[in-house]
There are 2 protein chains.
Amino acid sequence: MAARLDALDRKILAELQEDAGQSLDEIAGKVGSSKTPVWNRIRKLREAGVIRRQTVLLDAEALGFDACFFVLIRTSEHEAAWQKAFLAALRARPEVQEAHRLAGDIDYILKVRVANARAYDAFYQALISEVKIHNVTALLSMEEIKSTTVLPV
Amino acid sequence: MAARLDALDRKILAELQEDAGQSLDEIAGKVGSSKTPVWNRIRKLREAGVIRRQTVLLDAEALGFDACFFVLIRTSEHEAAWQKAFLAALRARPEVQEAHRLAGDIDYILKVRVANARAYDAFYQALISEVKIHNVTALLSMEEIKSTTVLPV
DNA sequence: GATGAAACTCAGTGCGA
DNA sequence: TCGCACTGAGTTTCATC
């Protein structure tokens, strides 16, 4: 699965992660190459799926999303049908920003961004009414110390 | 703090989050406006800090980051100096993708992306050698069910 | 692969409505 | 505030080294 990338590919990815709005000339200058090879490599990285999407990151608080919860979930259900329903519910809810199935004691972790505690409760009530969940612990974020999508390529 | 945005602003943000590579004309067409107003609004949203950065999202597994941990941290230290050192350590480490200070029992949660369990252990050893930490629980992700940066504007 | 140039598209600006 | 048209800049392609 891991793509083989050389040093130039990695430099290009680092620049794109840093600022995807740069022109090809700017990137080429910084990575010590020129326009066409940089462009060809970006295209290949895109085709190979290494570059997934190009997006903008918004300021959640400026948009009124003032509360962020990490939700630890234990379930007693482990059948395929239950899991399918649970995953579909998570994928359908836009307030769920991350969802991972875990090894060990706790079965799932979610990162949920909502306007306030009341909105979280609405989300929680909706979720448990859709699928049976054994035990839920919500951790309320007081401060986002760090949040990055940049991978150290 | 919350910026006041009208329906058109929100539609534009939704489009940009979906695909920031679209041309202004494409966005204008989809949101039912034309180029100039869309461009002006994007500029203002950028200046207001609603749009933070433009970036590419990479496939972590394609780049060899096969392990993702959520790390729950309890500390006995609550002095300013300790906290400053801890935050600096987190910010300096590129494998830390998210770090939040929490309310309640658990003090911090981290999301850490590394090549494998061995790399996580190296990170963990380095971190506890830098700052004193009372109790650490690592939750290993088996499956990334969902991961998005899109806010439901 | 890299380079350079040509063709085309788009972002950004100014103006008129 | 919007829509239109213009221009310089940037992207994409192609031929050549």
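What you see is a predicted model; the values in this text were computed from it and never measured. By convention in this document, chain letters (A, B, ...) are assigned in the order of the sequence lines, proteins followed by strands, and residues within each chain are numbered from 1.
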Of all the nucleotides listed (C/dA2, D/dT11, C/dA11), which has the minimum atom distance to the side chain of B/Ser23?
C/dA11
In whole angstrom, give the distance that lies between atom [atom1] of [X] and atom [atom2] of [N].
| X | N | atom1 | atom2 | result |
| --- | --- | --- | --- | --- |
| A/Leu24 | D/dG10 | CG | P | 10 Å |
| A/Trp39 | C/dC8 | CH2 | C1' | 13 Å |
| B/Leu8 | D/dC2 | CG | C1' | 11 Å |
| B/Arg41 | C/dG12 | CZ | P | 17 Å |
| B/Asp25 | C/dC8 | CG | C1' | 14 Å |
| A/Ile42 | D/dG10 | CD1 | P | 14 Å |
| A/Ile12 | D/dT11 | CD1 | P | 13 Å |
| B/Arg43 | C/dG14 | CZ | P | 11 Å |

Given the side-chain rings of B/His100 and A/Phe70, with only the six-membered ring counted for Trp, is the space between their centroids under 6.0 Å?
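Yes, the ring centres sit under 6.0 Å apart.
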Indicate yes or no: does B/Asp6 engage B/Arg41 in a salt bridge with an N to O separation below 4.0 Å.
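A salt bridge is present here (some side-chain N lies under 4.0 Å from a carboxylate O).
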Determine whether a donor-acceptor pair (N or O, by modelled atom type, separation under 3.5 Å) exists between the side chain of A/Thr75 and the backbone of A/His134.
no
Mapping A/Lys44 and A/Lys35 to their closest nucleotides on DNA chain C, which lands nearer the 5' end?
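Nearer the 5' end of the strand: A/Lys44.
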Taking donor-acceptor contacts at under 3.5 Å, does the side chain of A/Thr36 reach the base of C/dG4?
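Per atom types, the contact qualifies.
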Could you walk me through whether A/Leu16 and A/Lys11 satisfy the side chain to side chain contact (heavy atoms under 4.5 Å, CB included) test, starting with their C-alpha distance in whole Å, then the side-chain angles of each, then the deciding distance to 0.1 Å, before giving a yes or no?
CA-CA 9 Å; A/Leu16 285 176; A/Lys11 282 190 205 167; over 6 Å; no
